[in-house]
S.K.: 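Okay, handing you the structure first.
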Amino acid sequence: MRIATWNVNSLRSRIDRVEKFLERHDIDVLTLQETKAREDQLPLMGLQALGYDIAAAGTNQWNGVAVLSRVGIEDVQVGFEGMPGWGDPIADESRAIGATCGGVRVWSLYVPNGRKVDDPHYVYKLDWLAKLRAAARPWLGVDTALTGDWNIAPMDEDVFDMAAFAKSTHVTPPEREAFAAFLDDGYVDLVRPHAPGPEVFTYWDYYRQRYERNRGMRLDFVLGSPSLAARVTSAFIDRDERAGAGASDHAPVVVEIA
DNA sequence: ATGGTGGGGAACCCA
């Protein structure tokens, strides 16, 4: 089974690329972030024709998450217990959705951006991650994938130039500690060991031709419970998907599960 | 310090 995650930066504007990506890599489950589509604008007929069902959450214009699956979607849960804003579709249900696909519990996560370190959104981001950690701990005992855009670059090598982020979010010690806490609990990075450097980035800003100059960041991750990690046979970042006109600013990340 | 490029949706907000 192949599981992928992709911040598409608008599903409807990217639909042709999404369909080609699914076919090119024979993807069974694709989690999406920044779908930017209301539920009444989904599903999309082309995806159904390819055999994918969709579970989506989010109603506002800039977030939105979804799970596409051709191996079933069961026990869909919008948001996680304790999530700030849980039960408020406008506020934050657009940031997390979970479903069981082909026997694996898959979460599509869009971790809050944080904006600036002195912004209330930064505090909110850390709180959101703490609540996710608490919710995710019991899931370690079953096949679980925490996929998505974490909006954190966990290591210096995950940023093209640390000096450029001296006073920025995504690299601060509290954010990195929040990410590392999942690994401390037993979650495993399913991609990094199988796709070793130097091509580690998953995101390149649209500004200043950052992709063409390979000035990117690693923000998109698939973390797995130990039992799922034991089933991984390969993983890669589809960086070519970031090339050319009409690309998302994020590349998809793919994990093969035996 | 600022502004650069995209997407949504029709004026700004968000990344």
Side-chain angles (χ1 to χ4, degrees), chain A residues 5-21 30-44 46-47 56-66 84-85 88-97 108-126 128-129 147-154 158-172 175 178-179 201-221 239-253:
Chain A
T5 183
W6 190 6
N7 180 326
V8 280
N9 186 19
S10 169
L11 177 54
R12 287 173 300 150
S13 74
R14 215 74 61 207
I15 188 62
D16 290 347
R17 277 183 178 258
V18 169
E19 290 174 3
K20 288 186 178 117
F21 166 77
L30 172 61
T31 70
L32 298 165
Q33 300 84 39
E34 291 201 68
T35 50
K36 299 187 176 180
R38 297 187 310 269
E39 291 175 45
D40 62 277
Q41 295 170 318
L42 301 172
L44 297 163
L47 296 174
T59 56
N60 69 37
Q61 310 172 359
W62 51 87
N63 297 334
V65 288
D88 180 349
I90 302 299
D92 274 296
E93 286 195 348
S94 53
R95 294 195 178 276
I97 189 168
S108 180
L109 305 168
Y110 183 52
V111 174
N113 176 285
R115 301 190 185 182
K116 305 236 174 89
V117 291
D118 60 354
D119 191 296
H121 286 84
Y122 175 78
V123 178
Y124 170 71
K125 177 181 194 174
L126 296 176
W128 196 96
L129 286 161
T147 84
D149 178 357
W150 291 72
N151 271 314
I152 298 169
D158 299 331
V159 183
F160 68 87
D161 178 10
M162 277 298 292
F165 285 81
K167 294 177 180 173
S168 302
T169 59
H170 294 60
V171 300
T172 67
E175 290 168 285
F179 183 88
F201 301 148
T202 65
Y203 163 83
W204 299 259
D205 205 307
Y206 285 126
Y207 307 156
R208 304 185 178 205
Q209 298 184 302
R210 289 239 172 112
Y211 178 74
E212 290 74 9
R213 298 186 295 145
N214 196 27
R215 296 170 72 76
M217 305 175 77
R218 187 185 187 100
L219 303 179
D220 301 270
F221 294 88
R239 78 188 314 283
D240 292 345
E241 179 54 54
R242 178 62 180 81
S248 169
D249 45 357
H250 292 252
V253 178

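Protein chains get the first letters and strands the later ones, always in sequence-line order, with residue 1 at the start of each. Predicted model only: the values in this text are computed from it and were never measured.
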S.K.: Take A:Ser13 and A:Asp205, find for each the nucleotide of DNA chain B with the closest heavy atom, and name the residue whose nucleotide sits nearer the 5' end.
M.R.: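 The residue whose closest nucleotide sits nearer the 5' end is A:Asp205.
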S.K.: Categorize A:Tyr203 for me: base, sugar-phosphate, or nothing, with a 4.0 angstrom heavy-atom threshold over every strand shown.
M.R.: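 Counting heavy atoms under 4.0 Å across all strands, no contact is made by A:Tyr203.
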S.K.: Hey, is the side chain of A:Arg215 poking within less than 4.0 Å of OP1 or OP2 on B:dG4, counting only N and O atoms?
M.R.: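 Checking B:dG4 against A:Arg215, no side-chain N or O comes under 4.0 Å of OP1 or OP2.
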S.K.: In whole angstroms, how far is the P atom of B:dG9 from the CG atom of A:Asn63?
M.R.: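 From A:Asn63 CG to B:dG9 P: 13 Å.
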S.K.: Distance check, C1' atoms only: B:dA11 and B:dG7, in whole angstrom units.
M.R.: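 Comparing C1' positions in B:dA11 and B:dG7 gives a spacing of 15 Å.
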S.K.: Quote, to the nearest angstrom, the P distance that separates B:dG9 from B:dA15.
M.R.: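 After rounding to an integer number of Å, I get 16 Å for this pair.
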S.K.: Send over the distance from A:Leu11 CG to B:dG7 P, rounded to a whole Å.
M.R.: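 Rounded to whole Å, this separation is 13 Å.
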S.K.: Look at the side chain of A:Thr35 and the backbone N and O of A:Ala66, then say whether any donor-acceptor pair between them is shorter than 3.5 Å.
M.R.: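 Such a contact is absent between A:Thr35 side chain and A:Ala66 backbone.
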S.K.: For A:Thr35 and for A:Lys167, locate the closest nucleotide of DNA chain B by heavy-atom distance; then report the residue assigned to the nucleotide nearer the 5' terminus.
M.R.: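 With A:Thr35 and A:Lys167 compared, the 5'-side residue is A:Lys167.
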S.K.: Check for a donor-acceptor pair, side chain of A:Lys20 on one end and backbone N or O of A:Ile15 on the other, with a separation under 3.5 Å.
M.R.: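 A pair under 3.5 Å: no.
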S.K.: Less than 3.5 Å between a donor and an acceptor, one on the side chain of A:Tyr110 and one on the base of B:dA15, is that the case here?
M.R.: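 No, the side chain and the base share no sub-3.5 Å donor-acceptor pair.
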S.K.: Please state whether the phosphate of B:dG7, meaning OP1 or OP2, lies under 4.0 angstrom from any side-chain nitrogen or oxygen of A:Arg14.
M.R.: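 Answer yes for this pair, as a side-chain N or O of A:Arg14 is under 4.0 Å from OP1 or OP2.
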S.K.: Quick one: does A:Gln33's side chain have a donor or acceptor within less than 3.5 Å of a partner on A:Asn7's backbone?
M.R.: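 Checked: pair present.
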S.K.: Heavy atoms under 4.0 Å, any strand shown: does A:Arg12 hit a base, just sugar-phosphate, or nothing?
M.R.: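 Result for A:Arg12 = sugar-phosphate.
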S.K.: Just how far, in rounded Å, is C1' of B:dG8 from CH2 of A:Trp62?
M.R.: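 Interatomic distance, CH2 of A:Trp62 to C1' of B:dG8: 10 Å.
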S.K.: For the side chain of A:Tyr207, counting heavy atoms from C-beta on, which of B:dA15, B:dG8, B:dG9 is nearest?
M.R.: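 Side chain of A:Tyr207 sits closest to B:dA15.
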S.K.: Mark this stacking check for A:Tyr206 against B:dG6 as yes or no, applying ring centres under 5.5 Å and ring planes under 30°.
M.R.: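 Given the distance and angle limits, no, they do not stack.
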S.K.: Where the side chain of A:Tyr211 meets the backbone of A:Tyr203, is there a donor-acceptor pair that is under 3.5 Å apart?
M.R.: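 Here the side-chain-to-backbone pair does not exist.
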S.K.: Can you identify which nucleotide, out of B:dA15, B:dG7, B:dG9, has its nearest atom closest to the A:Glu34 side chain?
M.R.: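 Among the listed nucleotides, the one closest to the side chain of A:Glu34 is B:dA15.
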S.K.: Expressed as a whole number of angstroms, how long is the span from A:Trp204:CH2 to B:dG6:P?
M.R.: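 Between P of B:dG6 and CH2 of A:Trp204: 16 Å.
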S.K.: Looking at every heavy atom in both A:Asp119 and A:Gly114, which two are closest together, and how far apart are they?
M.R.: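 Closest heavy-atom pair between A:Asp119 and A:Gly114: CB-O, 4.0 Å.
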S.K.: Given the C1' atoms of B:dC14 and B:dG4, what is the spacing between them in whole Å?
M.R.: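 Their C1' atoms lie roughly 15 Å apart.
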